[in-house]
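To start, the structure itself, in structure tokens.
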There are 2 protein chains.
Amino acid sequence: MTHAGEVVRVRRTLLERIVGGDFPPGVRLPAETDLAGELGCGRSTVREALGQLATLGVVASRRGSGAHVLDWRREGSPALLPYYLSLPSALADAPRLLGELLRMRRLLASEAVRLATRYADDAAIASVRRALEGSDGAVDPVAHAMRELEIFRQLVVSSGIWPAVWFANAFWAPMRELHGLLAPLAGGPPGDYETAMSRLFDHVAARDEARALAHLDRWLDKVDRELETRLVHAFGSATPPATPSKLRIKPRRKSAAPKAASSKRSRS
Amino acid sequence: MTHAGEVVRVRRTLLERIVGGDFPPGVRLPAETDLAGELGCGRSTVREALGQLATLGVVASRRGSGAHVLDWRREGSPALLPYYLSLPSALADAPRLLGELLRMRRLLASEAVRLATRYADDAAIASVRRALEGSDGAVDPVAHAMRELEIFRQLVVSSGIWPAVWFANAFWAPMRELHGLLAPLAGGPPGDYETAMSRLFDHVAARDEARALAHLDRWLDKVDRELETRLVHAFGSATPPATPSKLRIKPRRKSAAPKAASSKRSRS
DNA sequence: CGAGATTTGTACGTATGTATA
DNA sequence: TTATACATACGTACAAATCTC
């Protein structure tokens, strides 16, 4: 971690000072040239770091004025999630947070299944299914979590609704990080994972939206419940998830939900 | 428009060539120095433009190799939406696209109301309500659309579930662009807008989640229906003949008709 | 209100490291 | 192994917006 480049070092330093309270929202940061001198780097490096912080929604720069710290809790981007989760203040209401994050995951998965059921052609569905079956045997919890996320993303891709795909892409990156954190606690795939997914794909291939969504809902109920008990086991009584599976409802029409986007600033 | 800076010009040129098919997914772009010479700018400018295209999910650069065009339909980010909507191929299935985008809006609004109802304290709800009432009188369609979006975002903020806020932020930017396109066609706020919103806030303040969501659902039903008729009126039969006259329909299958766009970006 | 100082925005250049072909 | 090409970092110069006195 110590050898990640000057820009990364400068960005981390500034971000730590900001979330740590040294630079509270509203204050003006020192001039770029001053920061360069203070941090021992060139102004271009400071600018690159500030640019990345700007895409995180943490600072904003204006000509003649300077770089001001934003109210990052209110103006931030999804990429802040991993930073936020490492703060003590986030741990304070971890239960509520985890419940809401699981709900987001559920909404995303539902939308993925709905889109695929409604719009994907047979070949696309079969292709995603092959990808699922072709990579089983993996027992590493993190690898399993990533694969599961990718399956749902591929379902969105199969629908060919490209804007939905792009929103999914934006959601998936922070979700991946979250899964990377939770997976070691959640453990590997349940024993009936292959069976459950296979049945889900049966419903999707049959264009039976109602059954597909119901099956997914039951499956996630079970998975979330298991995750909860394991977390309680790991943390003691610290994390009761507040996930009401009040997600299906809706007497008629409509069902689940997608969401938003983020951006990053680095190449390769 | 003509004086937006070299980077913007270079980015736009490259993006047009890519989405236009000159550089199909998979091909390697010319070297940065070659592009700089060809486009009449410095290599740094080319790099900045390529960096922005990389954040859009359009290209990826690797050391020693070069910048390769990605499958941007599958790997893109939400910021691609305005560019995509300006393509003829997007217009082809505009009805389906608009239906799905309206569905996303509905899901987001529902989640906003739910989060506020569940977590926001009285002061926060009252604050959002004041913001709503304090800015009425605006009849400009675009201004109204932006204000409406902002109200729902503020509802999420009021919940204090910051990760949800960040996801909302990311989603809101492209949504704003979409609204900017549709608003002039949709017209200003309906006559009963204030009343409907006021009632919605009553339910939220009373923590009546069921009534709040039901009220919102009915309201959006009405709004979407009006939008549909106005779009049909505006476009008549001028756009794809494949568009059935029935634009909404609730059980399955959605439709309507959007249009094209462009966008800009900068820091500060 | 105006003038000058401050600060960021933009563009380009150079040098060196490093991965790829 | 060598040549190519990108990644990274620092620097310069000037333009443009803002702030301050």
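Below, read A as the first sequence line, B as the second, and so on, with proteins coming before strands; counting in each chain starts at 1.
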Checklist entry - With sugar-phosphate meaning primed atoms plus P, OP1 and OP2, does A/Gly42 contact a base, only sugar-phosphate, or nothing at under 4.0 Å between heavy atoms? => result sugar-phosphate

Checklist outcome for this item: Closest to the side chain of A/Arg47, out of D/dC10, C/dT10, C/dC12, is C/dT10

Checklist outcome for this item: Closest of D/dC6, C/dA11, D/dG11 to the B/Glu6 side chain is C/dA11

Checklist entry - For the side chain of A/Ser127 and the backbone of A/Ala123, is there at least one donor-acceptor N/O pair under 3.5 Å apart? => result no

Checklist entry - In terms of the nearest nucleotide of DNA chain C, which residue is placed more toward the 5' end: B/Gly64 or A/Ala67? => result A/Ala67

Next on the checklist: Please report the distance, rounded to the nearest Å, between CG in B/Leu39 and C1' in C/dC12.
Outcome noted: 15 Å

Item to check | Distance, rounded to the nearest Å, where B/Glu48 contributes CD and D/dT8 contributes C1' | outcome: 14 Å

Item to check | Selection from D/dT18, C/dT7, D/dA5 that lies nearest to any side-chain heavy atom of A/Arg62 | outcome: D/dT18

Checklist entry - Within this structure, what is the CD-to-C1' distance between B/Glu32 and C/dA19, rounded to whole angstrom? => result 14 Å

Checklist entry - Once you round it to whole Å, what is the distance between P of C/dA11 and CG of B/Leu50? => result 14 Å

Next on the checklist: Checking contacts here: which listed nucleotide (D/dC6, D/dG11, C/dA11) is nearest the side-chain heavy atoms of B/Val7?
Outcome noted: C/dA11

Next on the checklist: Classify B/Ser44 by what it touches in the nucleic acid, base, sugar-phosphate, or nothing, heavy-atom distance under 4.0 Å.
Outcome noted: base

Next on the checklist: Please report the distance, rounded to the nearest Å, between CG in B/Leu35 and C1' in C/dC12.
Outcome noted: 16 Å

Checklist outcome for this item: In whole angstroms, the gap separating C1' of D/dC10 from CZ of A/Arg9 amounts to 13 Å

Checklist outcome for this item: Whole-Å distance, B/His68 NE2 to D/dA7 P, equals 11 Å

Checklist entry - Of all the choices, D/dA7, C/dC12, C/dT8, which nucleotide is nearest to the side chain of B/Arg63 once you look at every atom? => result D/dA7

Next on the checklist: Closest-nucleotide mapping onto DNA chain D: is A/Ser65 or A/Gly40 further toward the 5' terminus? I mean the 5' end.
Outcome noted: A/Gly40

Checklist entry - A/Arg43 has a side chain; which of C/dG9, C/dA11, C/dA21 sits nearest to it? => result C/dG9

Checklist entry - Does a donor on one side chain and an acceptor on the other come within less than 3.5 Å for B/Tyr119 and A/Glu100? => result yes

Item to check | Backbone N/O of A/Trp72 and side chain of B/Trp162: donor-acceptor pair under 3.5 Å | outcome: no

Item to check | Shortest non-hydrogen contact between A/Pro184 and A/His179, atoms and distance | outcome: CD-O, 4.4 Å

Item to check | Atom pair OG1 (B/Thr45) and CZ (B/Arg11), whose distance is rounded to the nearest 0.5 Å | outcome: 13.0 Å

Checklist outcome for this item: Closest to the side chain of A/Arg28, out of C/dG9, D/dA7, C/dT7, is C/dT7

Checklist entry - Is B/Thr45 near enough to C/dC12 that one of its side-chain N or O atoms lies under 4.0 angstrom from OP1 or OP2? => result yes

